[in-house]
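Contents: one structure, followed by commentary.
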Amino acid sequence: MLQRSSNTAETGLGRANYVLDSDDSDGEGGMGNVNRLIMRPPGHSGKAKRGHLCFDASFETGNLGRVDLVNEYEYDLFIRPDSCSPKLRFWFNFTVDNVKQDQKVIFNIVNISKEKNLFMENMTPLVKSSSRPKWQRIPKQHVFYHKSVVHQGHYVLSFSFGFDKEDDIFHFCLAPPYSYTRLQTFLNILEKKATYLSENFKREHLESSVQNRRLDLITIGSLDRNQPKSKRRVVAIMARVHPGESPSSFVCQGLLELLISSNSIAAALREHIIFKIIPMLNPDGVFLGNYRSTVAGSDLNRSWHIANPWCHPTIKAVIDMLLVLDRNKEFQLDFVLDIHAHSSLKGCFVYGNTYDDVYRYERHILFPKLLATTCDDYIAENTMFNSDNGKIAIKDMRCGRNLVRTFLEYYHNTGAIPFQITSEIANRRHRPRIRQIRRRNRNRYQPRPLTSRTVAQLHFKNLNINYDSDTSLDDFTYSYRNSGPQRTFERISEQLNSRRAAAGVEGEYGKKVYRSGSPLPATFVVLPEPSLSIIDFNLISREDIEKVSNFNKVKVKKS
């Protein structure tokens with residue numbers, strides 16, 4: 001039995017209470033979503049009792065179109081299709097309240113349109129409650145994705161859940177929501193934090209959507225002051241062309257946070273590169289809780305070639321901006337990245353194009369290779385290059401920050417940003433936070449192994465850093481790969497002895513005896529090979545570790 005009710009007094013939980021607990025604004029709501037729908041058992045009339053579940057999706061990014069009561073413990077849930085696109089049904093986002101203590105239910109989402117998806121790969125829905133606002137995955141043993149004979153052989157996502165707090169509002173979702181209102185709040189804060197960048201940061205209103213929402217353009221970066229006559233290199237980044245792919249917004253937020261920070265990586269990039277970032281290409285679809293479409297039912301990612309200012313004003317404005325950058329002789333447009341979240345593939349990966357120009361293709365595949373070394377969750381098997389210009393894409397805020405680091409690696413490798421042979425970027429130290437100091441002090445006397453992370457130095461080859469030498473650094477690199485440590489040490493000794501002899505050095509190697517007036521020998525930088533620290537976890541106390549450490553020190557001195 002299905003009944004609609006807008007009387008919030010029936011459950012004792014007013015609408016305002018939910019707004020305070022939600023990350024998203026109430027907004028206009030609606031568009032076919034259930035609105036405070038109370039599910040009463042057959043034959044029941046009058047005021048709703050505890051346990052008569054109340055479903056609601058009439059809020060920003062919400063999506064739940066219909067609820068059927070199967071029995072006392074089971075409910076069939078129907079995703080509302082995208083606006084003007086009845087075939088697109090995957091994103092869901094709804095709340096449940098008026099629950100009874102220890103009430104157990106089964107929810108069946110019965111009309112998912114993408115049968116092949118990550119629910120086949122053990123992904124599960126998310127849940128949080130008003131008293132526990134952190135999103136959690138429902139345990140896999142309570143989630144089933146299966147073909148249902150009762151539902152005409154369609155795939156059904158079923159999950160069981162037990163409500164443990166009567167006064168809580170429970171929130172279920174496909175992925176963590178990231179609403180248009182949340183983006184505007186974040187950009188307002190970002191703009192205030194970036195005031196110290198002065199002319200190196202700019203936020204502008206590029207265009208308005210069909211429903212008159214902002215299309216924001218964030219510009220970060222400045223002219224390369226070291227080479228004022230060179231072209232300004234530009235990187236364009238876009239996100240959220242598909243509303244249901246909310247992880248792309250978290251990627252974009254992480255990228256923006258790092259780029260405006262005082263981090264040395266961000267400072268180096270701002271000095272030489274200009275970033276043009278559009279965080280939300282489809283604000284109307286995001287607000288309405290659509291999966292892929294705009295309010296008019298258009299898939300913007302399939303409309304680049306037919307974009308017009310009436311039906312597709314946001315991507316038309318982006319196309320015009322990119323064309324201006326590409327035609328301007330003062331700029332060099334190096335990257336156009338469109339950040340997505342895939343429905344059936346795991347990890348981080350890149351879709352790109354192939355080119356007849358082999359040099360352009362080599363530059364194109366360099367970035368994914370560098371990204372693979374930066375992102376721990378990079379999946380090379382999912383990376384694909386083809387010749388379809390309409391299929392360009394790339395797939396949490398950590399991933400966004402890794403993108404920034406990869407840009408620095410790329411421009412170091414291509415020579416656009418001079419590489420500094422220092423540890424300034426890798427080993428920059430910040431003042432310890434008070435909270436971290438207190439945590440360390442609190443755990444100081446706990447019997448646990450002392451472990452720490454260190455940044456491994458890079459292994460450079462064919463790089464000359466000597467002032468007066470034609471010999472590459474490869475001749476002076478201590479490496480086990482080529483000839484072993486003994487032979488490498490002999491090569492270093494031979495090179496240094498020959499240079500001291502040429503400079504008039506008297507005495508054996510290492511005594512530093514020079515003739516009067518002779519030039520000092522060149523300084524060589526020897527970078528050790530990255531290595532792992534092996535820890536014996538049988539040593540479980542601080543005293544044991546200190547004993548072993550002191551023993552090793554004595555052993556080294558004797559040798």
Side-chain angles (χ1 to χ4, degrees), residues 183 186-187 190-207 214-240 248 251-281 314-315 317-339 350 352 360 363-364 366-367 370-371 374 392 394 399-420 425:
L183 174 67
F186 167 71
L187 292 182
L190 188 80
E191 198 170 9
K192 293 179 181 178
K193 288 185 176 181
T195 51
Y196 79 100
L197 296 177
S198 61
E199 72 278 2
N200 292 351
F201 178 91
K202 183 180 180 181
R203 177 189 178 188
E204 54 188 310
H205 183 184
L206 185 62
E207 184 56 88
R214 287 176 59 100
L215 179 69
D216 284 284
L217 171 63
I218 309 298
T219 303
I220 302 173
S222 63
L223 178 65
D224 183 359
R225 298 183 179 89
N226 297 324
Q227 297 178 353
K229 294 183 180 180
S230 63
K231 287 187 175 182
R232 287 179 286 182
R233 294 176 175 269
V234 180
V235 174
I237 301 175
M238 303 170 288
R240 211 64 184 277
S248 64
V251 173
C252 198
Q253 177 173 328
L255 183 144
L256 285 167
E257 287 177 343
L258 181 54
L259 279 178
I260 69 155
S261 70
S262 58
N263 187 287
S264 52
I265 295 175
L269 285 169
R270 290 195 302 263
E271 184 73 17
H272 299 88
I273 312 298
I274 296 175
F275 289 87
K276 298 280 187 177
I277 302 171
I278 301 173
M280 191 171 286
L281 273 169
T314 56
I315 62 170
V318 173
I319 292 172
D320 293 343
M321 179 196 72
L322 294 176
L323 290 176
V324 169
L325 291 172
D326 190 50
R327 293 167 181 170
N328 194 321
K329 295 181 180 180
E330 296 182 4
F331 299 105
Q332 178 176 318
L333 186 58
D334 287 342
F335 288 93
V336 178
L337 297 183
D338 187 9
I339 306 173
V350 176
R360 185 180 182 187
R363 292 196 305 271
H364 192 62
L366 174 60
F367 185 81
L370 294 174
L371 184 62
T374 306
I392 304 175
I394 185 173
C399 183
R401 292 164 183 162
N402 288 334
L403 273 177
V404 176
R405 297 183 178 95
T406 307
F407 281 124
L408 184 65
E409 290 287 337
Y410 176 87
Y411 284 114
H412 275 166
N413 280 272
T414 57
I417 298 180
F419 186 82
Q420 302 173 353
I425 292 178

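Below, each value reflects all heavy atoms present in this structure, side chains not excepted, and no hydrogens, waters or symmetry copies. On a predicted model such as this, the values are computed, not experimentally measured, just so you know.
The CD1 atom of I277 lies 5.0 Å from the CD1 atom of I237; values are rounded to the nearest 0.5 Å. Summarising the geometry, atom CG belonging to L183 is positioned 9.5 Å from atom CZ belonging to R214; distances are rounded to the nearest 0.5 Å. The distance from atom CG of L371 to atom CZ of R405, rounded to the nearest 0.5 Å, is 12.0 Å. To the nearest 0.5 Å, atom CG of residue L322 and atom CZ of residue R327 are 11.0 Å apart. For the atom pair OG1 of T314 and CG of L281, the computed distance is 5.5 Å after rounding to the nearest 0.5 Å. I260 contributes atom CD1, which lies 11.0 Å from atom CG of L255 (distance to the nearest 0.5 angstrom).
When every heavy atom of H412 is checked against every heavy atom of I417, the shortest pair comes out as CD2-O, 3.3 Å. Scanning both residues, A266 and L258, for their nearest heavy atoms gives CB-O, 3.0 Å. Considering all non-hydrogen atoms of both residues, S261 and R270 come closest at O-NH1, 2.8 Å. The shortest heavy-atom contact between L408 and A268 is CD1-CB, 4.0 Å. Closest non-hydrogen pair, D216 versus P279, comes out as O-CD, 3.4 Å. Nearest heavy atoms, I339 versus S248: O-CB, 3.6 Å.
No side-chain donor-acceptor contact under 3.5 Å links T374 to the backbone of L403. Looking only at distances, no side-chain donor or acceptor of S222 sits under 3.5 Å from a matching main-chain atom of N200.
Ring-plane geometry between F335 and Y411 is classed as perpendicular, the angle between the planes exceeding 60 degrees on a 0 to 90 degree scale with a lower cut at 30.
By the side-chain contact (heavy atoms from CB on, under 4.5 Å) test, L366 is found to be paired with L370, Y410, N413, T414, residues two or more places apart in sequence or in another chain being considered.
Residues R233 and H272 form no side-chain contact, since every pair of their non-hydrogen atoms from C-beta on lies 4.5 Å or further apart. With contacts defined as side-chain heavy-atom distances shorter than 4.5 Å, the pair F367/D334 does not qualify. Proximity of F275 to L259: side-chain heavy atoms (C-beta onward) are separated by under 4.5 Å at one or more points. Between M321 and I278 the shortest side-chain heavy-atom distance falls below 4.5 Å. Taking the side chain as every heavy atom from C-beta outward, L256 and I220 approach each other to under 4.5 Å. A heavy-atom distance below 4.5 Å is found between the side chains of K276 and T219. For the pair R401/E257, a side-chain contact is recorded, criterion being any heavy-atom separation below 4.5 Å from C-beta on.
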Pair F201-I218, side chain to side chain contact (heavy atoms under 4.5 Å, CB included): steps then yes or no:
CA-CA 7 Å; F201 178 91; I218 309 298; 3.6 Å; yes
Apply side chain to side chain contact (heavy atoms under 4.5 Å, CB included) to the pair V336 and M238, showing each step before the final yes or no.
CA-CA 8 Å; V336 178; M238 303 170 288; 3.7 Å; yes
